[in-house]
Amino acid sequence: MCVLSGALAFKSYLRQPMAKGLPHDNVTPYDDPRKTKKEQVAEMFDNIAGSYDRLNHVLSAGIDVGWRKKAILQFKKDNPEQILDVATGTGDMAIMAYELLKPQKIVGIDISEQMLEIGKKKVEKQGLTPFIDLQKGDSETIKFAENSFDAVMVAFGVRNFENLEKGLKEMLRVLKPGGKLVVLEFSRPRIKIFRSLYNLYMGIAAPEIARWFSQNKKAYQYLNQSAKLFPERQAFADILKSAGYSNASFKPLSAGICCIYIGKKSAG
């Protein structure tokens, strides 16, 4: 999808009732009408959990580690004590956040039990069980009280929400006044040559590499399709504002392959 068509889709969305959701909300891994997107995403990640970490680093050539670090360091000046990691997966973001920020507690939630099981073993192996709690949880019905966390973060997970706006509002609800949300998500490069290479890699190379690792080529085709339809840059910053966040902003990384998005909960 070109940038213009993506912008038009977002403008069309703004003219419709919010309950209808965004175009990417309707992209599912398996095209199974008997299951919701949430159920299909959970099944997909359960299926690829065993090879997910290794494949992720291969597909990104290790660059994702630097992206995660830059995202987490957006909290450095805030000194958050209680952090929520939404769509925590196998816990990489939570573990890195503890290493960089040393908060009192990090809670990671995810809908994939198999990803969580791998994450729990990693947390235990590193002796971080007293500080990091990984548990099954849904971004759209977060089982914590209002104003529970100083910071909320999501790395490569918001595209998988069944209803993006609902998930964003839930994360805002559990943030303390003055707290910060940081989202790390793929975007499409604006420079033509980089965009062409990105499309070729994501559309053809990545699914084939994924098939070699996990025999689940379709899962990575879904991730590419959802990335194409996901509202990016200023469009996503505008959605953050419409969901109630203040000071919404974004910062492109690595020629625009991904972006860091930041939003705050009003202190008043």
Side-chain angles (χ1 to χ4, degrees), residues 1 5-6 9-10 12-14 16-49 51-52 55-56 59 84-90 93 108-117 119 134-143 152-174 181 183-188 202-203 206-207 210-211 214-232 235-236 239-240 242-243 258-259 261:
M1 174 178 284
S5 60
F10 175 65
S12 174
Y13 153 76
L14 287 178
Q16 298 176 10
M18 295 304 280
K20 291 187 177 180
L22 286 155
H24 83 280
D25 287 341
N26 300 312
V27 179
T28 57
Y30 300 120
D31 299 322
D32 185 348
R34 298 168 299 175
K35 296 180 180 179
T36 65
K37 176 176 180 176
K38 194 176 301 180
E39 291 170 332
Q40 292 186 47
V41 167
E43 180 182 342
M44 178 191 75
F45 280 110
D46 281 344
N47 289 338
I48 66 175
S51 59
Y52 179 80
L55 179 56
N56 230 19
L59 289 174
L84 177 65
D85 181 24
V86 176
T88 190
T90 61
M93 194 75 169
I109 62 172
D110 202 283
I111 59 175
S112 169
E113 293 183 356
Q114 293 301 315
M115 296 281 277
L116 287 170
E117 285 304 310
L134 303 186
Q135 54 185 262
K136 189 171 183 179
D138 180 1
S139 63
E140 296 168 25
T141 52
I142 298 173
K143 296 180 180 179
V152 178
M153 57 188 185
V154 193
F156 309 110
V158 290
R159 283 180 296 119
N160 300 317
F161 290 4
E162 190 167 84
N163 184 303
L164 177 61
E165 189 202 28
K166 188 175 180 181
L168 292 175
K169 287 186 174 181
E170 266 292 272
M171 292 188 290
L172 181 68
R173 181 184 66 79
V174 299
L181 167 71
V183 173
L184 184 63
E185 191 53 81
F186 285 114
S187 58
R188 296 176 298 282
M202 291 293 286
R211 183 174 61 82
S214 65
Q215 301 301 309
N216 200 324
K217 177 179 177 180
K218 193 167 182 62
Y220 285 84
Q221 288 175 328
Y222 154 75
L223 295 174
N224 180 38
Q225 291 165 359
S226 61
K228 285 182 178 179
L229 288 173
F230 188 77
E232 58 178 21
F236 185 67
I239 292 173
L240 286 173
S242 72
C258 76
C259 285
Y261 299 94

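The figures here come from the full heavy-atom set of this structure, side chains too, leaving out hydrogens, waters and symmetry mates.
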Engineer: For Lys35, give me all partners under side-chain contact (heavy atoms from CB on, under 4.5 Å), at least two apart in sequence or on another chain.
Structural biologist: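 Counting only residues at least two positions away or on another chain, Lys35 forms a side-chain contact (heavy atoms from CB on, under 4.5 Å) with Asp32, Glu39, Gln40, Glu43.
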
Engineer: Please step through side chain to side chain contact (heavy atoms under 4.5 Å, CB included) for the pair Val86 and Phe161, ending with a clear verdict.
Structural biologist: CA-CA 10 Å; Val86 176; Phe161 290 4; 3.9 Å; yes

Engineer: In terms of heavy-atom contacts, does NZ of Lys38 have more than 12 from other residues, nucleotides or ligands at under 6.0 Å?
Structural biologist: yes

Engineer: Could you check whether any side-chain heavy atom of Phe45 comes within less than 4.5 Å of a side-chain heavy atom of Asp110, counting everything from C-beta outward?
Structural biologist: no

Engineer: Taking all atoms of both residues into account, what is the closest heavy-atom pair of Ala87 and Gly157, and its distance?
Structural biologist: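 Closest pair (atom of Ala87, atom of Gly157, distance): CB-CA, 4.0 Å.
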
Engineer: Got a donor-acceptor contact below 3.5 angstrom from the Glu162 side chain to the Thr36 backbone?
Structural biologist: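 Absent.
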
Engineer: To the nearest 0.5 Å, how far apart are CG in Leu116 and OG1 in Thr88?
Structural biologist: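 Between Leu116 CG and Thr88 OG1, I get 7.0 Å after rounding to 0.5 Å.
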
Engineer: Which heavy atom of Ala155 sits nearest to which heavy atom of Met93, and what is that distance?
Structural biologist: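 Minimum heavy-atom contact is CB-SD, 3.8 Å.
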
Engineer: Going from CE on Met115 to CG on Asp46, what distance comes out if it is rounded to the nearest 0.5 angstrom?
Structural biologist: 9.0 Å

Engineer: Hey, what do you get for CE (Met44) to CD (Gln114), rounding to the nearest 0.5 Å?
Structural biologist: 14.0 Å

Engineer: Run Gln135 and Lys143 through side chain to side chain contact (heavy atoms under 4.5 Å, CB included) and show every step you take.
Structural biologist: CA-CA 11 Å; Gln135 54 185 262; Lys143 296 180 180 179; 5.9 Å; no

Engineer: Show the numbers, then the answer: is there a side chain to side chain contact (heavy atoms under 4.5 Å, CB included) between Leu168 and Leu181?
Structural biologist: CA-CA 9 Å; Leu168 292 175; Leu181 167 71; 4.3 Å; yes

Engineer: Yes or no on side chain to side chain contact (heavy atoms under 4.5 Å, CB included) for Ile142 and Leu84, after CA distance, side-chain angles and deciding distance?
Structural biologist: CA-CA 10 Å; Ile142 298 173; Leu84 177 65; 4.1 Å; yes

Engineer: Run the salt-bridge test on Lys169 and Glu165 with the 4.0 Å N-O cut-off and return the result as yes or no.
Structural biologist: yes

Engineer: Over 60° means perpendicular and under 30° means parallel, so tell me whether Phe230 and Phe236 are parallel, tilted or perpendicular.
Structural biologist: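 Geometry flag for Phe236 against Phe230: tilted rings.
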
Engineer: Minimum heavy-atom separation for Gly137 to Ile111, with atom names?
Structural biologist: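 For Gly137 and Ile111, the tightest heavy-atom pair comes out as O-CG2, 3.4 Å.
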
Engineer: Would you name the heavy atoms of Ser139 and Glu170 that are closest together and state the gap between them?
Structural biologist: O-CB, 3.3 Å

Engineer: Do you know the tightest heavy-atom contact between Ile239 and Pro231?
Structural biologist: CD1-CG, 3.5 Å

Engineer: Could you tell me which non-hydrogen atom of Met171 sits nearest to which non-hydrogen atom of Val154, and how far apart they are?
Structural biologist: SD-CG2, 3.5 Å

